[in-house]
Amino acid sequence: MSHQSSQNRPDAGLDRALRRVVLSGLALVLLVPLARASTDALGWLPLWLVGMPAVAWWSLHRFRLPSAMRRLRPAGRRRAPQARRLRARPAGLARAA
């Protein structure tokens, strides 16, 4: 069982590097006003400094939701009855209004 759980863990070095890149980008965006700008060559800089590294870090963890989000999400599919389509009634049996 421990062998299988160790296979699901991401690489520790890559995890540490991506965490540092995300935190560095976040610090740049918060502290340096120029890092919140948009350029013609790159576009919106916070996307490249924070957003893309954060998505890479999240994908390293195989898109798992944080534990707080897992508790809020419903456990399974709802088992409500399926809607039924009404069959066409013959013209002579129309209901009286």
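For Leu18 against Leu60, the heavy-atom pair with the smallest separation is CD1-CD2, 4.0 Å. Between Pro46 and Arg36, the closest heavy-atom pair is CG-CA, 3.9 Å.
No path of Ile, Leu, Val, Met, Phe, Trp and Tyr side chains, each step under 4.5 Å between heavy atoms, connects Leu47 with Val55, placing them in separate hydrophobic clusters. Leu45 and Met52 fall within the same hydrophobic cluster, where Ile, Leu, Val, Met, Phe, Trp and Tyr residues are linked whenever their side-chain heavy atoms come under 4.5 Å apart, directly or through other members. Trp44 and Leu30 fall within a single hydrophobic cluster, where Ile, Leu, Val, Met, Phe, Trp and Tyr are joined by side-chain heavy atoms under 4.5 Å apart, directly or via other members. The hydrophobic clustering, which links ILVMFWY residues whose side-chain heavy atoms are closer than 4.5 Å, places Leu23 and Val21 apart.
The side chain to side chain contact (heavy atoms under 4.5 Å, CB included) check on Val22 picks up Pro53, Ala54, Trp57, with sequence neighbours excluded. A search for side chain to side chain contact (heavy atoms under 4.5 Å, CB included) contacts involving Val32 returns Leu28, Leu34, Ala35, not counting sequence neighbours. Residues satisfying the salt bridge (Lys or Arg N to Asp or Glu O under 4.0 Å) test with Arg19, not counting sequence neighbours, are Asp15.
A donor-acceptor pair under 3.5 Å links the side-chain atoms of Thr39 to the main chain of Leu42, judged by distance alone.
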